[in-house]
Amino acid sequence: MTPAPAVTVEGSARLGQQPLFPPVSLRLGAGEWTCLLGPSGVGKSSLLRIIAGLETGIDFTGHVTTGDGAPLAGRIAYMAQSDLLFPWRSVTENVLLGAALRGTAPDRARARELIGRVGLTDHAGKRPAALSGGQRQRAALARTLMEDRPVILLDEPFSALDARNRAAMQSLAASLLAGRTVLLVTHDPAEAARLGHRILVIDEAGLREMPRPEMPPLRPVSDPATLEIQMALFAELGRGAE
Amino acid sequence: MTDPAPLVLAPPDAEERRRRRAGRFERIGRWAFPLAVVLLLLAAWDRIVVWNDIPPYVLPSPRLVIGTLATDWPVLLPALLVTLQITLLALLAAVLGGVGLAVLFTQSRLAEMSFYPYAVILQVTPLVAIAPLIFIYVGSKLAALLLCAWIVAFFPVLSNTTLGLRSADHNLQDLFRIYGATRWQRLRYLQAPAALPYFLGGLRIAGGLSLIGAVVAEYVAGTGGTGSGLAFRILEASYRLNIPRMFAALLLIALTGVAIYGALNLLSYMLLRKWHESAVRRER
């Protein structure tokens, strides 16, 4: 993997005539998890999509820059709430999708190893329809790792999972994606409190950075410090609603 | 992290037994009930003919129809082969034309705007109205028959495949953009597999329509001689008041249609059974 760059997105957005968010500057630290927390419909997914270079349906004025000055294209991996698996490809074939698109020889040994690391060895030949929701997200994580990109964009990838699976996926992702520049968009304060090196809250009033937590992620779910961050996030989200 | 262990198999309870009974009923009933209806209808038909002494030139008994099918086989078989040949060639042309146009339309908005209306016009104009012109302008009879059958059959393939190519999941399209996939790769790895179920749905309709198109075109062509199909045999038999042969030929056409439908259904199941909602067995 090439060294993970810092990424900065600066600008403001409008939805038709309505301003969606005022001028913001979102900086993703190199090799860090940045959690972007906020209610639905304030443009947090749009910010992620702007970094990814995807269509957003909003009017964004601004720019995306990287710490090393090189373009982001080809250095991004993406996971979303839907698992983004191809239903007609088996788990292994999904993991090998990037190789198929690049026309390079598939590295089957590495795919097997990564599928093993996400605990799907017994399911490698199955189609996504035969897997549970948690297993599907693990397959998607294996594919993300297979691509080995330095910048990872996560758009609520764990929000459709049950509590136990979500906690397991968070731990797995935190350990496997360590050292990469990660943006996690979420509406779950507990998730942000566990995973973020830095946590930012976005709502109609704009983007606010929370104090940087002392304990590095991955923080234990029930640790008092984690719970304290979580409480602060709840309070901050509540402030925006008033 | 790991999934819960499977439940230990208990002896079937009342609910489970009821479900198994329902499953068995479904499996056997699927072919037993239609078969029973056919047998009942045939018996009724036979009795009506026998009891009312209806002469065979008005209504032949089912037994006579089957007998005619056997005795006239030397005439009917070549005719069946001709009709089959036109039907299958027309279906092949419908697949090539329909899929080709669908790909063109989804790749080029300009092509779609320019040509789609004509595809619709071709589809909504009754074949019997166009066919006589086709037989005047197209010299080869086989080519003219093929063209007629193709006109009827290609539209469902075109329309369904176009819809399918546009129905690829937007999230997956985003993923492809991030992977830097080319247009061709998007078509090959994303849009084509996503369109497959739609295409197969269109193909099933086109299979029946190409047979209908072939038969209707033969009627309009109305010329006999060697190399004439089942439709012409029906026309010819009607002129000679050979009602049993009309029924026998009709039976062959119907069976051909059912066979085509069954084959395309099987093809669809084989291609989709691993992943598509329509074919994957639901886990309960």
Side-chain angles (χ1 to χ4, degrees), chain A residues 45 48-49 51-56 72-90 93-94 97-103 118-120 122-123 125-135 138 140 143-144 147 149 151-153 155 164-165 167-169 171-172, chain B residues 1-7 99 106 109 160-161 163-201 203 267-284:
Chain A
S45 287
L48 181 141
R49 293 176 67 87
I51 297 174
L54 297 173
E55 280 170 32
T56 53
L72 270 177
R75 293 202 285 171
I76 291 176
Y78 172 56
M79 283 178 71
Q81 183 174 350
S82 70
D83 48 62
L84 302 180
L85 296 177
F86 291 73
W88 48 83
R89 301 176 83 99
S90 70
E93 288 166 348
N94 264 292
L97 178 75
L101 288 181
R102 281 187 297 275
V118 299
L120 287 180
D122 294 344
H123 306 283
K126 289 186 187 168
R127 299 286 198 288
L131 303 179
S132 71
Q135 290 170 335
R138 277 189 266 156
R143 183 176 61 192
T144 305
E147 284 308 296
R149 307 285 175 97
V151 179
I152 314 277
L153 304 175
D155 193 355
R164 193 179 69 168
N165 262 312
M169 273 302 290
S171 313
L172 193 63
Chain B
M1 178 87 219
T2 51
D3 296 302
L7 293 172
V99 170
T106 46
R109 187 86 188 103
N160 271 30
T161 310
L163 180 65
L165 289 171
R166 289 193 201 292
S167 299
D169 189 332
H170 283 246
N171 296 314
L172 295 182
Q173 302 203 26
D174 286 346
L175 190 74
F176 262 54
R177 191 149 308 134
I178 287 175
Y179 274 43
T182 61
R183 216 176 152 101
W184 160 248
Q185 287 178 327
R186 202 162 63 231
L187 180 65
R188 156 94 175 70
Y189 290 106
L190 177 57
Q191 289 175 300
L196 186 64
Y198 295 81
F199 161 74
L200 289 168
L203 185 64
L267 176 73
S268 174
Y269 175 76
M270 297 302 283
L271 288 176
L272 299 182
R273 68 197 163 126
K274 286 278 179 54
W275 64 274
H276 195 251
E277 304 286 347
S278 66
V280 170
R281 194 175 283 270
R282 189 97 168 263
E283 281 175 40
R284 298 189 223 194

Practice item. Considering only heavy atoms and a distance below 4.5 Å, find which of A/G98, A/A77, A/G53, A/P87 pairs most often with chain B. Key: A/P87
Revision key, fill the gap. Whatever's closer than 4.5 Å to a heavy atom in chain B on A/L84 counts as both
**Study point:** Top contributor to chain A contacts, counting heavy-atom pairs under 4.5 Å, from B/A181, B/P193, B/G180
**Key:** B/P193
Review point. In Å and rounded to the nearest 0.5 Å, what is the CZ to CD distance from A/R102 to B/Q185?
Key: 10.0 Å
**Study point:** chain A contact via B/L196 - side chain, backbone, both or neither, heavy atoms under 4.5 Å
**Key:** neither
Point to revise | Side chain, backbone, both or neither of A/L72 within contact of chain B (heavy atoms, under 4.5 Å) | key: neither
Practice item. Using non-hydrogen atoms and a 4.5 Å limit, figure out which bit of A/A100 sits close to chain B: side chain, backbone, both or neither. Key: both
Point to revise | chain A neighbours within residues 169-179 of chain B, where any heavy atom lies under 4.5 Å away | key: B/N171, B/L172, B/D174, B/L175, B/F176, B/R177, B/I178, B/Y179
Practice item. Could you look at A/A52 and say if it's the side chain, the backbone, both or neither that has a heavy atom under 4.5 Å from chain B? Key: both
